[in-house]
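First comes the structure, then the notes that go with it.
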Amino acid sequence: MTVKLKRMLKPGLQIVSESWELYKKNWRQYMPYLIVTFIPTFILSVLGTIATYLATFFPASSIISSIIITLLYAVGIVLGIWAGIALVKAITASITGQTTAWKDNFSTSNHLIWPTIYISILTGLIIFLGLILLIIPGI
């Protein structure tokens, strides 16, 4: 008796085409998340240009501008993580056929920001330690 195995994985081209169709159908719903991700990047670009100008003509202001840019960079990272979590919720809702407002997705995903940061740090440490375990025997 032969058993035919059912193909479990979709081909890559099918995954890409289904993803594109999902995006085309729901791109207006995803736009607020992309805007929230873009705004800190735009602000940092403008502030970086201003800080470069100020550092050229007023060297004493470079420390203050560096601190401000560093703080805004940290805020931008947290906003990017938050928008990414909310975007995943929005994509999951659109796949299942539900519709949720972007404000609801942001408000229900704020408790996941710090666990995501912790997991990212742990993942980075594990990758770094694995890299060291490959380098030390090579030396």
Compare every heavy atom of [Y] with every heavy atom of [X], then report the nearest pair and how far apart it is.
X    : Y    : answer
P40  : L79  : CG-CD1, 3.8 Å
A83  : Y33  : CB-O, 3.8 Å
P137 : I132 : CD-O, 4.4 Å
I85  : T116 : CD1-OG1, 3.3 Å

Let me confirm one number: the [atom1]-[atom2] distance from [X] to [Y], rounded to the nearest 0.5 Å.
X    : Y    : atom1 : atom2 : result
W102 : S107 : CH2   : OG    : 10.0 Å
S19  : I95  : OG    : CD1   : 8.0 Å
L87  : L34  : CG    : CG    : 6.5 Å
I81  : T37  : CD1   : OG1   : 11.0 Å
L44  : T49  : CG    : OG1   : 10.5 Å

Is it the case that T100 and K89 place a side-chain donor and acceptor less than 3.5 Å from each other? no
Apply salt bridge (charged side-chain N to carboxylate O under 4.0 Å, His left out) to K25 and list each qualifying residue two or more places apart in sequence or on a separate chain. none
Go through the steps to decide whether Y30 and W27 satisfy the test ring-ring contact (aromatic ring centres under 6.0 Å, His included), and finish with yes or no. CA-CA 5 Å; Y30 303 152; W27 70 272; 9.7 Å; no
